[in-house]
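To start, the structure itself, in structure tokens.
We name chains A, B, ... by the order of the sequence lines, and we start the count at 1 in each one. Because the structure is predicted, anything quoted here is derived from the model rather than measured.
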Amino acid sequence: MRKVYFDHAATTQPDRRVVEAMLPYLEETFGNPSSIHDYGSAAKEAIEKARARVASLINAARPEEIYFTSSGAEADNFALKGIALGNQQKGKHIVTSQIEHHAVMHSAQTMEKWGFQVTYVPVDKYGVVDPADVARAITPQTTLVSIMHANSEVGTIQPIAEIARITRERGVLLHTDAVATVGIIPVDVKELGVDLLSLSGHAFYGPKGAGALYVHKGVRIVPFIDGGVQEGGRRAGTENVPAIVGLGVAAEIAKAEVPGRGAQLTPLRDRLARGLLERIDRVYLNGHPTQRLPSHVNVCVEYIEGESILLFLNMQGVAASSGSACTSRALKASHVLTAMGVDPALAQGSLLFSLGRGNTQEDVDYVLEVLPPIVERLRQMSPLYAARKDS
Amino acid sequence: MRKVYFDHAATTQPDRRVVEAMLPYLEETFGNPSSIHDYGSAAKEAIEKARARVASLINAARPEEIYFTSSGAEADNFALKGIALGNQQKGKHIVTSQIEHHAVMHSAQTMEKWGFQVTYVPVDKYGVVDPADVARAITPQTTLVSIMHANSEVGTIQPIAEIARITRERGVLLHTDAVATVGIIPVDVKELGVDLLSLSGHAFYGPKGAGALYVHKGVRIVPFIDGGVQEGGRRAGTENVPAIVGLGVAAEIAKAEVPGRGAQLTPLRDRLARGLLERIDRVYLNGHPTQRLPSHVNVCVEYIEGESILLFLNMQGVAASSGSACTSRALKASHVLTAMGVDPALAQGSLLFSLGRGNTQEDVDYVLEVLPPIVERLRQMSPLYAARKDS
Amino acid sequence: MQYSTKVMEHFANPHNVGEIPDADGVGYVGNPVCGDIMQLYIKVQDGVITDAKFKTFGCGAAIATSSMVTDMVKGKTIDEALKISNRAVAEALDGLPPVKMHCSVLAEEALASAIDDYYKKRVLPSPVKLKVGHEHEAD
Amino acid sequence: MQYSTKVMEHFANPHNVGEIPDADGVGYVGNPVCGDIMQLYIKVQDGVITDAKFKTFGCGAAIATSSMVTDMVKGKTIDEALKISNRAVAEALDGLPPVKMHCSVLAEEALASAIDDYYKKRVLPSPVKLKVGHEHEAD
Ligand SMILES: Cc1ncc(COP(=O)(O)O)c(C=O)c1O
Ligand SMILES: Cc1ncc(COP(=O)(O)O)c(C=O)c1O
């Protein structure tokens, strides 16, 4: 049976070069980077090299602006909580959107419990934040605006540079969760004008266990993981040296390959989207028609539920998702689709195909072949489909 | 030149079997455990197997009581902040000791900034906490006591079971940072009677990037890393599957080997301690004479400073530390030695030799051969040594 | 997804899919916003359930529990059927993931709703206490 | 430890270790609690430093900066010597890790302290402003 991996938004397969670079640090070069002997120095050098590579990928001015974390989620928690707590003498208000990843959204909700005020700006039907809404939401108490670079479920890209012009003018810090974009499309912190940016290695052919937070020099942030002096005293815990090395190599590879990735993926994405709309009735494409990632095709299939489709797709060798991997085991409809105004029942039938560099036209055509009968079969089982035919 | 690694307290070399078990999860079995397809299921199964193994090592009743983290430091932050914030309706007071690892100590200090009260109980000259001091420190507002199982700098083992009898009687939760003991000496959460326990894979021949927090069923704890539904909704972030698998294998190996490790290390430790005292004058052994880890020899060498000794030792192929790896790049004398009442100037000359399973008697004898001339040389350079001879 | 083999069997090839046009009782529980709807039809003869069919909108567990509960009720008396708990359905499927236990609750409720409908159709006092105000409130 | 090769050379084989029994000036800065003490001896002839030696209790950087600063002052006039900044010492060592920059400060201060002592011994007004209340306060 053909195997088609269309779940790159959940995670990607590490590049062979990434894995090979990690191997020596799994066993041989095992020192603790904080130790002042050769075992430690070798490890320390390796993570500093990785830091420079990650800095270079996102065009950060200085390697010291990169703080390694264990994941994108940790980077998001660090950004929100570290900035809010570190700048609370100025005020206790932050602004974010209704379509953020749960790592941002739940951090914001936790901070509400701590006595912070949070404004969740809405999005339009394409999932786009209006910079004017951000401008209106900012108060003299606002310390941070956090808007994701691209949404990981529907692929819509946000007008971050425009928002940055507003935050800079208003003297407010800007964080962007760029887990869905770094290593996939070009990301340049200077062009974007952000003060903080989260990224995650496993999202772009790097290893699990290594993410990073970019923090512009001079920004006041308190540590999230308290403890030792690692990461300039801003992130404690013995460094995950092999994963950090892997992240560095993934960054180096991405720097070379990202410019070409869009050109490879876009035609596949469009073929898939077009094919789905043609072959299945009552299928709706989610996200912005043009301001979107080259990798994402998110659709709602009416009358049936997403998980059951995924289970049948899996039996046919196709790996896909119903949206954020973090919620795919949860019960509720995607908060992203809900914020975009998608009918909640329809949102239950959401499917995300996220393409990656290994995918081919044959993969797309295979999915277009196996999906319609699955949809038909589930619809035959659905009381909603029957009710619709009756009426 | 001979190479002697005596810095096992900073980190250990992963076991070959650990590394081999990790390899497939670095590249081939790369799925996100939250995904509902075969790639995801394979990863999910692997981490659940690891969870059962870690639970078994510490005799936890249920695998679900194990929450994977990225490090021991994260587990400590999770325990302290998660319990304090989760139980603040009861009170805002916690009790810990003056000799905790920085991950616990700095978490406690952060919580003081958040408006919590913290009592830091003292230790005696051997570094032992008196359970009676803990009993006295507990107030009706106390929600948590956190006392480390064994100190990672001097090796002193704390009377946790006795403290547990007190906390249980007083209806207070007990956390122990067992990063220095799990996988080195037998650790049994039921015998210890603790509600929470931190451990870290790289401390016992497992990988960097995976630690765990044991949380007894029913204990109220709020997430530390907010986000998705991973780890039962209590710890967000895509799981570091290879590292977790490695931690599981390290736990399995430790379960089999721990009973024998003490017998191998104790004679080496004692030979080294005796040799140092015999061959160098004005050297003082730190820690408890009997209630101590089989791995640790911590001494203070009078008139000279630790780092300069370590640098010379490194030139001779010997890797050691001046105490906690986290502070070895910092300026201040060890807070542990200070709490034990060691003279601050003397504490500057602290050296920690931490032995591990690969070490031999030849390693010990080699250190005993190369260290005395180093000490002599540095003392010749030291104004303190000259002053002492003058007087 | 950590579904048991039994769940996957019932999901992939569910038993008793369909409608019973002349059903003696029809249950309808759940709502599309929650992601699960079960419609359950029973045929009753001399107090014994002789046939059962379902239509379900929902996840793998929702379909599998629908299939299992319709299997289980066939041949049972109404009283016996009312004693089928959600746990029994889950157990018959070799267990469900914790986040999916609500599907077995839904199956129990769909059955209760169908039996309730059976009594109502016959204008008899119903022994069924339908749960209301629940996430998957009976329709 | 990320010390430069130059630092490690000076640490492993420090120049000018020792005392000058008939020194014209002796500086003593730091304290054992902070982990660094430097004792610096100078010999002065016609306003020119002809010899310098040191004894240091401290880390690798403390020893290397002691070695470097004693090298640097030899042959310099007092005025020139007073212009040697801690940065100059650190640069001569190809840099120091940020957490070790205080060692170069200590070296600058030890030199200043020795020169101050030289003036005091000759009962002359000292051009040196010793820093007080500093972590490594002059003795
Ligand atoms: C007692 C103790 N607690 C916590 C930690 C931190 O663990 P990690 O190095 O995994 O962050 C250490 C580190 O060695 C330790 O010795
Ligand atoms: C936009 C976004 N933010 C944050 C995260 C969390 O990153 P991680 O999986 O590394 O925890 C993800 C995960 O896929 C994501 O897509």
- [ ] Between chain A and each of B:Leu85, B:Asn240, B:Asp76, count heavy-atom pairs under 4.5 Å; write down the option with the most.
- [x] B:Asn240

Open item on the list: Taking the six-membered ring of B:Tyr39 as reference, does the cationic atom of A:Lys3 (NZ for Lys, CZ for Arg) lie under 6.0 Å from its centre and within 45° of its axis?
Closed with: yes

- [ ] Heavy atoms only, distances under 4.5 angstrom: which of B:Met315, B:Glu28, B:His202 has the most pairs with chain A? Name it, please.
- [x] B:His202

- [ ] Working to the nearest 0.5 Å, report the span between CD1 of B:Ile225 and OG of A:Ser70.
- [x] 4.5 Å

Open item on the list: Need one label for B:Ala243: side chain, backbone, both or neither, based on atoms under 4.5 Å from any heavy atom in chain A.
Closed with: neither

- [ ] Heavy-atom pairs under 4.5 Å with chain A are the metric here; pick the option from B:Phe78, B:Tyr5, B:Trp114 that has the most.
- [x] B:Tyr5

Open item on the list: Quick check on B:Pro14 against chain A: is it the side chain, the backbone, both or neither that has a heavy atom closer than 4.5 Å?
Closed with: both

Open item on the list: Counting only non-hydrogen atoms closer than 4.5 Å, does B:Lys81 touch chain A with its backbone (N, CA, C, O), its side chain (CB onward), both, or neither?
Closed with: side chain

TODO: Output the distance between atom CD1 (A:Ile36) and atom OG (B:Ser322), rounded to the nearest 0.5 Å.
DONE: 6.0 Å

Open item on the list: For B:Leu313, which atoms come within 4.5 Å of any heavy atom of chain A: side chain, backbone, both, or neither?
Closed with: neither

TODO: Please flag which part of B:Ala108 lies under 4.5 Å from any non-hydrogen atom of chain A: side chain, backbone, both or neither.
DONE: neither

TODO: Count the heavy atoms of every other residue, nucleotide or ligand shown that sit under 6.0 Å from CZ of B:Arg220, and state whether that count exceeds 12.
DONE: no

Open item on the list: Heavy-atom cut-off 4.5 Å, strictly under: side chain, backbone, both or neither for B:Thr12 against chain A?
Closed with: backbone

Open item on the list: Give the interface residues of residues 16-24 of chain A toward chain B, defined by a heavy-atom separation under 4.5 Å.
Closed with: A:Arg16, A:Val19, A:Met22, A:Leu23

- [ ] Decide yes or no on side chain to side chain contact (heavy atoms under 4.5 Å, CB included) for B:Leu26 and A:Leu26, but give the supporting numbers first.
- [x] CA-CA 11 Å; B:Leu26 285 176; A:Leu26 285 176; 3.6 Å; yes

Open item on the list: Show the nearest heavy-atom pair for residues B:His102 and A:Gly228, with the distance to one decimal.
Closed with: CB-N, 4.0 Å

Open item on the list: Could you go through A:Asn77 and B:Phe224, starting from their C-alpha distance and side-chain angles, then the distance that decides it, and tell me whether this counts as side chain to side chain contact (heavy atoms under 4.5 Å, CB included)?
Closed with: CA-CA 9 Å; A:Asn77 275 257; B:Phe224 172 61; over 6 Å; no

Task: Pairing residues for A:Arg234 by the salt bridge (Lys or Arg N to Asp or Glu O under 4.0 Å) criterion, not counting sequence neighbours - done: none

Open item on the list: A:Asp226 vs B:Ser107, test: side chain to side chain contact (heavy atoms under 4.5 Å, CB included). Steps then yes/no.
Closed with: CA-CA 5 Å; A:Asp226 284 306; B:Ser107 288; 3.8 Å; yes

Task: Portion of A:Ala210 that has a non-hydrogen atom of chain B nearer than 4.5 angstrom - done: neither

- [ ] Against chain A, label B:Gln109 side chain, backbone, both or neither, depending on which of its atoms sit under 4.5 Å from a heavy atom there.
- [x] neither

Task: Heavy-atom closest contact (B:Ala320 atom, A:His37 atom, distance) - done: O-CD2, 3.3 Å

TODO: Measure from the side-chain N and O atoms of A:Gln13 to the backbone N and O of B:Glu27, and report whether any donor-acceptor pair falls under 3.5 Å.
DONE: yes

- [ ] Report yes or no: does B:Asp38 contribute a side-chain atom to a donor-acceptor pair with the main-chain N or O of A:Asn314 at less than 3.5 Å?
- [x] no

Task: Minimum heavy-atom distance B:Ala73-A:Ala236, with the two atoms named - done: CB-C, 4.1 Å

